[in-house]
S.K.: 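Take a look at this one; I'll ask things after.
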Protein chains: 4
Amino acid sequence: MTRGPKPALKARKTPVQSRSRVTVDAIFEATIQVLLREGMRALTTTRVAERAGVSVGTMYQYFPNKQALVYALNERYLDALAGRIEATCAEMRGAPLAEMAEALIDTYWTAKTERAEVTRALYRSVVELDNDALLQDFATRADAATTAMFASAPDMADRDAPTLNLTLAAVIYGTVRNAFERGLSDKDARRLRRNLADMCQAYLAVKAEHHTGAIAWSTS
Amino acid sequence: MTRGPKPALKARKTPVQSRSRVTVDAIFEATIQVLLREGMRALTTTRVAERAGVSVGTMYQYFPNKQALVYALNERYLDALAGRIEATCAEMRGAPLAEMAEALIDTYWTAKTERAEVTRALYRSVVELDNDALLQDFATRADAATTAMFASAPDMADRDAPTLNLTLAAVIYGTVRNAFERGLSDKDARRLRRNLADMCQAYLAVKAEHHTGAIAWSTS
Amino acid sequence: MTRGPKPALKARKTPVQSRSRVTVDAIFEATIQVLLREGMRALTTTRVAERAGVSVGTMYQYFPNKQALVYALNERYLDALAGRIEATCAEMRGAPLAEMAEALIDTYWTAKTERAEVTRALYRSVVELDNDALLQDFATRADAATTAMFASAPDMADRDAPTLNLTLAAVIYGTVRNAFERGLSDKDARRLRRNLADMCQAYLAVKAEHHTGAIAWSTS
Amino acid sequence: MTRGPKPALKARKTPVQSRSRVTVDAIFEATIQVLLREGMRALTTTRVAERAGVSVGTMYQYFPNKQALVYALNERYLDALAGRIEATCAEMRGAPLAEMAEALIDTYWTAKTERAEVTRALYRSVVELDNDALLQDFATRADAATTAMFASAPDMADRDAPTLNLTLAAVIYGTVRNAFERGLSDKDARRLRRNLADMCQAYLAVKAEHHTGAIAWSTS
DNA sequence: GATGAATGAGGGTTCATTCAT
DNA sequence: AATGAATGAACCCTCATTCAT
């Protein structure tokens with residue numbers, strides 16, 4: 001299921017030594033800074049190396065080409081994001097669906113917002129062709145985690161886990177991104193987040209009635 | 001409210017004559033094709049002109065520079081999209097909120113899906129600088145239309161129109177985009193679309209109960 | 001001796017009809033204007049045609065290419081200049097050398113100064129390769145006139161006419177151009193002009209002594 | 001007093017290392033060659049780089065743009081020329097005016113003639129925008145040197161130094177340029193040079209008489 | 001291992017010139 | 001004759017990538 005990156009995009013060496021790690025981190029941070037301050041168009045290898053305080057040559061020791069750098073940056077970010085989602089999912093195992101949804105919203109929203117500039121920088125960097133694969137991999141991994149989580153909910157009844165997951169995931173991730181792109185005020189952001197949670201809750205409650213034989217709300 | 005494009009991005013001549021229109025259309029179409037087949041990176045003026053069957057020089061007769069071309073393409077698309085949303089909003093004036101939401105989902109989903117490649121091509125192109133302004137303009141226009149529509153609903157009660165609008169707009173547009181990016185199968189797409197509508201309906205129903213004094217579901 | 005222009009630089013048609021003459025004049029004037037206001041770099045056929053109020057196509061009816069236009073402009077200017085020099089020479093025939101020199105300075109200085117911008121514009125346009133030939137032709141023609149004039153002076157004695165001519169011509173033309181390029185104030189300009197005349201006079205006087213058997217000034 | 005170049009025209013790196021110096025020299029030399037053989041019109045970055053035996057990229061490492069290259073070339077030449085004039089002025093300090101004039105002619109004439117092609121190439125290149133400033137700077141510097149020199153002459157009497165300087169400088173520089181452009185034979189060149197010196201001498205002698213109370217030549 | 005000067009393909013853009021209308 | 005849209009060669013410049021030091 002995991003497609004894995006094209007060979008050309010793989011990082012050259014896994015930074016095991018601490019010096020390497022520091023260098024790579026500096027490069028990543030520099031990339032974000034440049035992306036942020038000057039945009040995708042100005043993201044040149046020279047500029048990144050300069051800001052990272054290393055030479056271009058050194059950069060090429062860690063990344064076979066520019067695309068690989070951007071790729072790795074996104075990979076790293078998405079890996080961390082997936083990890084956080086998995087953590088949340090593990091934590092919420094066995095909780096009611098509504099709480100799961102709320103926790104997922106919390107996690108995702110926080111992740112996207114806490115370093116908004118980084119998020120924005122990365123959105124900008126995704127022009128690169130093959131990041132599609134990256135996104136698919138992330139989706140697959142996140143979906144696996146959330147699907148498993150939902151399946152463990154006591155109020156799952158006989159719902160179709162994949163479909164429920166698809167619905168909640170699409171709504172939550174999609175809404176958060178849209179919110180992000182709107183550049184909302186803090187107040188609006190809080191409201192929207194609350195309403196999104198309410199919406200998921202309402203949806204789950206209605207479905208619950210269906211599945212528990214209760215009278216559907218629409219007929220009440 | 002509308003910021004308007006930077007002068008540098010304005011198209012050079014408005015294609016009034018039929019020949020001009022044909023040419024401009026060919027250029028737009030070619031841009032989409034290139035974007036689609038080769039990605040943003042390969043979107044060069046030469047390539048576009050070639051595929052459009054005109055010379056670079058001709059292209060520059062209509063667009064002062066490459067950015068302006070991409071800008072105009074997005075402008076055109078977003079203008080049409082906003083128009084469709086406005087039409088839907090006009091049509092649904094006075095209908096119940098749930099129906100409005102459903103109609104909005106229909107319109108937006110259809111617009112994004114009926115020429116999926118175009119949508120995909122444009123998503124790829126929006127990364128370019130200053131298209132932000134374009135998106136903001138679109139959002140402003142669309143929000144105006146939907147807010148007005150919602151305000152006309154008989155079951156609006158004492159809801160806060162801007163907040164309701166923000167919620168539904170963010171959820172609907174966000175979810176549709178997320179769905180789109182997942183490249184769902186037809187079946188999954190249909191399911192998600194249905195569930196998104198249900199979700200909105202459920203949310204509106206619950207809120208309705210609140211506003212009509214009914215006992216909230218969560219306490220039942 | 002006259003090399004004549006390369007065929008490619010010849011104007012296409014001699015403007016005999018009055019309409020043609022008006023058009024050509026407009027084009028010339030437009031060329032000067034553009035040269036003046038925007039410099040050589042901005043001297044494009046489109047721009048010239050536009051300012052002249054004709055279409056590029058029409059321009060190409062009168063000049064086979066851009067170089068020919070610039071060539072013709074310079075040719076016209078130099079022709080007029082040579083004409084004025086010839087007129088002065090004719091007028092001064094038989095006068096003393098010193099008066100001849102003064103008259104030549106007057107004529108040349110006035111010609112260069114009375115429409116200084118035009119002079120400047122033309123200096124700018126001379127980048128064009130083959131204008132060398134043009135300049136040579138002018139020099140030949142002017143030298144012929146001045147040499148003849150000098151030869152007619154009563155105080156020529158046994159001087160070498162070509163050498164005297166070379167000396168005076170080089171000094172006068174050279175100094176005037178240098179003065180022009182310095183962008184002198186009116187006062188400085190007047191002073192320099194006066195001193196240039198004095199210098200020529202002094203030179204001629206000394207030579208006269210030599211040639212008349214008088215004791216050379218330097219030994220007195 | 002010195003205006004200094006626009007920032008855009010400054011050279012990118014000062015060639016301190018020997019390799020850099022060689023490269024820059026090669027580029028300068030190539031520029032002159034192209035200018036000479038093909039004229040200003042054909043002075044393209046590619047052509048220069050090619051003839052210099054380096055890549056365009058390398059050229060741009062040393063000069064931020066084409067104009068800067070031409071600018072630097074002229075700057076270098078004019079700097080050397082000014083230096084030579086200053087040296088002559090220093091050397092002639094305290095000498096009689098006539099000898100000063102002769103020395104100035106020698107220096108200037110030699111400088112313009114010894115590498116005639118270079119001179120010619122540069123005359124062709126000066127048309128470019130903003131080299132005006134360069135010329136002004138040169139003039140200012142040279143005038144400062146010559147004015148100071150003239151002021152130190154024993155036979156300055158109560159002459160106006162600036163005016164004397166303006167006169168001699170304009171006549172000498174102007175005449176030399178004109179001579180140069182005429183492409184004189186060696187014999188004619190020698191003659192003209194001699195006569196120019198004589199002319200200056202005659203002018204200074206006459207003035208001297210005025211200032212020393214002697215009877216003016218014209219009345220003798 | 002690290003450096004950064006050198007490379008040169010390729011990008012965006014201009015503009016002299018043509019030719020169908 | 002006049003027009004001006006179309007052409008495309010050629011220009012200036014950038015920047016990912018290499019490799020001698």
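So that the names make sense, note that chain A is the first sequence line, chain B the second, and so on, each numbered from 1. Just so we're clear, the structure is a prediction, and the values are computed from it rather than from any experiment.
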S.K.: Can you tell me if T44(A) touches the phosphate of dC15(F), counting only side-chain N or O atoms and a distance under 4.0 Å to OP1 or OP2?
M.R.: no
S.K.: CD of E50(C) versus P of dA16(E): gap in Å, rounded?
M.R.: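 Atom CD in E50(C) sits about 13 Å away from atom P in dA16(E).
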S.K.: As a quick check of understanding, evaluate side-chain hydrogen bond (donor to acceptor under 3.5 Å, both in side chains) for S55(B) and T58(B), giving each step before the final call.
M.R.: CA-CA 5 Å; S55(B) 68; T58(B) 298; 3.1 Å; yes
S.K.: Taking atom CD of E50(B) as the centre, does the number of heavy atoms from other residues, nucleotides or ligands within less than 6.0 Å exceed 12?
M.R.: no
S.K.: Would you say Y60(B) places a side-chain N or O within less than 4.0 Å of OP1 or OP2 belonging to dA6(F)?
M.R.: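 Negative; the distance criterion is not met.
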S.K.: Taking only Lys NZ, Arg NE, NH1 and NH2, and the carboxylate oxygens of Asp or Glu, determine whether E117(D) and R37(D) approach each other closer than 4.0 Å.
M.R.: no
S.K.: Considering heavy-atom distances to DNA chain E, does L43(C) or V54(D) have its closest nucleotide positioned more toward the 5' end?
M.R.: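 This one resolves to V54(D).
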S.K.: Tell me: CZ of F63(B) to C1' of dT13(E), nearest whole Å?
M.R.: 16 Å
S.K.: Specify the separation, in whole Å, of atom NZ of K66(D) and atom P of dC11(F).
M.R.: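 My rounded result for the distance is 9 Å.
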S.K.: Nearest whole angstrom, please: distance from the C1' of dA2(F) to the CD of Q61(C).
M.R.: 7 Å
S.K.: What distance separates R124(D) CZ from L36(D) CG, expressed to the nearest 0.5 Å?
M.R.: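 With rounding to 0.5 Å, CZ (R124(D)) is 6.5 Å from CG (L36(D)).
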S.K.: On DNA chain E, check which nucleotide each of G57(A) and A42(C) is closest to and give me the residue with the more 5' one.
M.R.: G57(A)
S.K.: Rounded to the nearest angstrom, tell me the gap between atom CD in Q67(A) and atom P in dT17(F).
M.R.: 8 Å
S.K.: Whole Å only: how far is the CE atom of M59(D) from the C1' atom of dC15(F)?
M.R.: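 It is 16 Å, rounded to the nearest whole Å.
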S.K.: Have a look at F28(C) and tell me which of Y77(C), F63(C), Y71(C) forms a ring pair (Phe, Tyr, Trp, His ring centres under 6.0 Å) with it.
M.R.: F63(C)
S.K.: Under 4.0 Å between a side-chain N or O of S55(B) and OP1 or OP2 of dA6(F)?
M.R.: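 Answer no for this pair, as no side-chain N or O of S55(B) is under 4.0 Å from OP1 or OP2.
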S.K.: Just do the side chain to side chain contact (heavy atoms under 4.5 Å, CB included) check on N74(D) and S125(D) with the steps written out, would you?
M.R.: CA-CA 8 Å; N74(D) 278 281; S125(D) 80; 3.0 Å; yes
S.K.: So, is R47(B) close to the dG11(E) phosphate, meaning a side-chain N or O under 4.0 Å from OP1 or OP2?
M.R.: yes
S.K.: Once side-chain contact (heavy atoms from CB on, under 4.5 Å) is applied, do any residues pair with A80(D), and if so which ones, sequence neighbours excluded?
M.R.: none
S.K.: Quick one: the dot-bracket string of DNA chain F, using Watson-Crick and G-U wobble pairs with both distances under 3.5 Å, [ ] for crossing pairs and | for bases paired to another strand.
M.R.: .||||||||||||||||||||
S.K.: Of all the choices, dT17(F), dG4(F), dG8(E), which nucleotide is nearest to the side chain of V56(C) once you look at every atom?
M.R.: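 Output: dG4(F).
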S.K.: NA contact type, T45(A), heavy-atom cut-off 4.0 Å: base, sugar-phosphate, or nothing?
M.R.: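 The residue T45(A) makes base contact.
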S.K.: What is the distance, rounded to the nearest whole Å, between atom CE of M40(A) and atom P of dG11(E)?
M.R.: 16 Å
S.K.: Given atom CG of N65(B) and atom C1' of dT13(E), what is their separation to the nearest angstrom?
M.R.: 9 Å
S.K.: Tell me which of T58(C) and T46(D) sits closer to the 5' end of DNA chain F, going by the nucleotide each one is nearest to.
M.R.: T58(C)
